[in-house]
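The structure appears right after this line, and notes come after that.
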Amino acid sequence: MDIEGGGEVLVAQLAKSELVHDVADLYQLKLEPVAALERMGEKSAKNFIDALAASKSRDLWRLLFGLGILHVGAGVAKSLGKHFATLDDIFAASAGQLTETEDIGEVIAQSLVNWRSDARNRKLIERLRDAGLNFKSSLYQPAAKAGPFAGKTFVLTGTLPTLTREEAAARIESLGGKVSAA
């Protein structure tokens, strides 16, 4: 979810202090208990709470990746976001429908089906929905509107004069293209 200040040490402290039991608990945190943690002052705690609030609006692919579903990395999460408009659409899809997505084979599709079949995971999704997280994909490309870069793969090298690599990748992907690391 790209939460600034939410590193492993802080997450371990939150779990050890029993403030957090799962990812949905992060979105219920209050300033005072976080500020009381070791090596955490009020300013750092406020920055972390603000970063959590900002993460609620992140794109669907980040949420999918952040759920830690077996075999669902950032690339797979982006492919799912291009093929499905919402998280609900992804979880309503059959394994066969999921394999129609680029980069999704039977193993990944079955992993998604198994994950969503677990009652604890369905409850987690509802808690994240109640917390106000974004379940919509800005990458969604209906087949009729695949974009001018559909079927094309780009490799970004060197420096870009007006965009960061992440911004350029997002623009390419929003036009239907794919960005490769090599």
Side-chain angles (χ1 to χ4, degrees), residues 1-95 97-98 101 103-104 107-140 164 166-167 169-170 173:
M1 294 297 292
D2 195 27
I3 300 169
E4 190 71 33
E8 290 180 40
V9 173
L10 177 58
V11 171
Q13 282 185 296
L14 290 167
K16 185 177 179 182
S17 66
E18 298 193 11
L19 290 172
V20 172
H21 297 94
D22 62 31
V23 67
D25 288 342
L26 287 170
Y27 295 97
Q28 305 304 317
L29 287 172
K30 303 293 181 215
L31 181 64
E32 295 77 24
V34 176
L37 293 172
E38 184 179 329
R39 294 187 300 176
M40 190 65 129
E42 189 169 327
K43 183 174 180 172
S44 295
K46 183 177 179 344
N47 289 342
F48 178 65
I49 298 294
D50 290 346
L52 281 169
S55 76
K56 290 180 180 185
S57 63
R58 298 269 190 316
D59 200 67
L60 171 62
W61 76 265
R62 287 194 181 273
L63 173 59
L64 270 172
F65 177 50
L67 288 172
I69 301 170
L70 185 63
H71 304 301
V72 178
V76 166
K78 285 180 180 180
S79 291
L80 287 164
K82 287 179 189 175
H83 195 82
F84 295 95
T86 68
L87 185 66
D88 296 322
D89 293 343
I90 293 168
F91 286 153
S94 67
Q97 291 169 318
L98 290 167
T101 305
D103 299 328
I104 310 298
V107 171
I108 295 171
Q110 195 57 54
S111 180
L112 283 158
V113 168
N114 291 345
W115 193 90
R116 72 154 185 250
S117 296
D118 186 315
R120 291 174 304 191
N121 293 334
R122 287 192 307 273
K123 185 175 180 180
L124 174 68
I125 292 300
E126 288 312 309
R127 290 178 57 222
L128 292 171
R129 183 187 316 275
D130 291 345
L133 272 72
N134 174 40
F135 280 25
K136 294 180 181 174
S137 176
S138 68
L139 301 176
Y140 177 59
T164 66
E166 191 170 290
E167 290 168 338
E173 290 168 350

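Throughout, residue positions are numbered sequentially from 1 according to the sequence presented. The analysis underlying the following values was restricted to heavy atoms, covering all of them including side chains, and did not include hydrogens, waters or symmetry mates.
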Could you grab the distance from atom CD1 of I3 to atom CG of L52, nearest 0.5 Å is fine?
5.0 Å

For N121, is there any backbone N or O sitting under 3.5 Å from a side-chain donor or acceptor partner on R116?
no

Give a yes or no on whether a salt bridge exists between K46 and D50, defined as a side-chain N under 4.0 angstrom from a carboxylate O.
yes

Is it true that, when you exclude E126 itself, more than 12 heavy atoms of the residues, nucleotides or ligands shown sit nearer than 6.0 Å to its CD?
yes

Rounded to the nearest 0.5 Å, the CG atom of L80 sits from the CG atom of L112 at a distance of 6.0 Å

Atom of G81, atom of S137 and distance for their closest heavy-atom approach
O-OG, 2.7 Å

Keeping Q13 on the side-chain end and E38 on the backbone end, is there a donor-acceptor pair under 3.5 Å?
yes

Heavy atoms of other groups near K123 NZ, more than 12 under 6.0 Å:
no

Look up atom CG in D88 and atom CG in L60, then write down how far apart they are to the nearest 0.5 Å.
9.5 Å

Between T86 and Y140, a side-chain donor and acceptor under 3.5 Å
no

The reported gap from OG in S55 to CG in L133 (rounded to nearest 0.5 angstrom) is 6.0 Å

With the threshold set at 4.0 Å, does a side-chain nitrogen-carboxylate oxygen contact exist between K136 and D89?
no

Contact between I69 and V76 at the side-chain level, heavy atoms closer than 4.5 Å - yes or no?
no

Verify the distance criterion only: is there a donor paired with an acceptor across the side chains of S138 and D59 at less than 3.5 Å?
yes

So, taking the atom named NZ in K82 and the one named CH2 in W61, what distance separates them when rounded to the nearest 0.5 Å?
11.0 Å

Distance from Q97 atom CD to I104 atom CD1, nearest 0.5 Å?
13.5 Å

Just by modelled atom types, is the M40 backbone N or O under 3.5 Å from a matching donor or acceptor in the S44 side chain?
no

When you check the gap from the basic side-chain N to the acidic O, do K78 and D103 get nearer than 4.0 Å?
no

Is there a side-chain contact between L14 and L26 (heavy atoms, below 4.5 Å)?
yes

Heavy-atom pair with the smallest gap, counting every atom of R58 and M1:
NE-O, 3.4 Å

Nearest heavy atoms of V113 and L98, plus distance in Å:
CG2-CD1, 4.1 Å

Does E167 reach the main-chain N or O of T164 with its side chain, forming a donor-acceptor pair under 3.5 Å?
yes

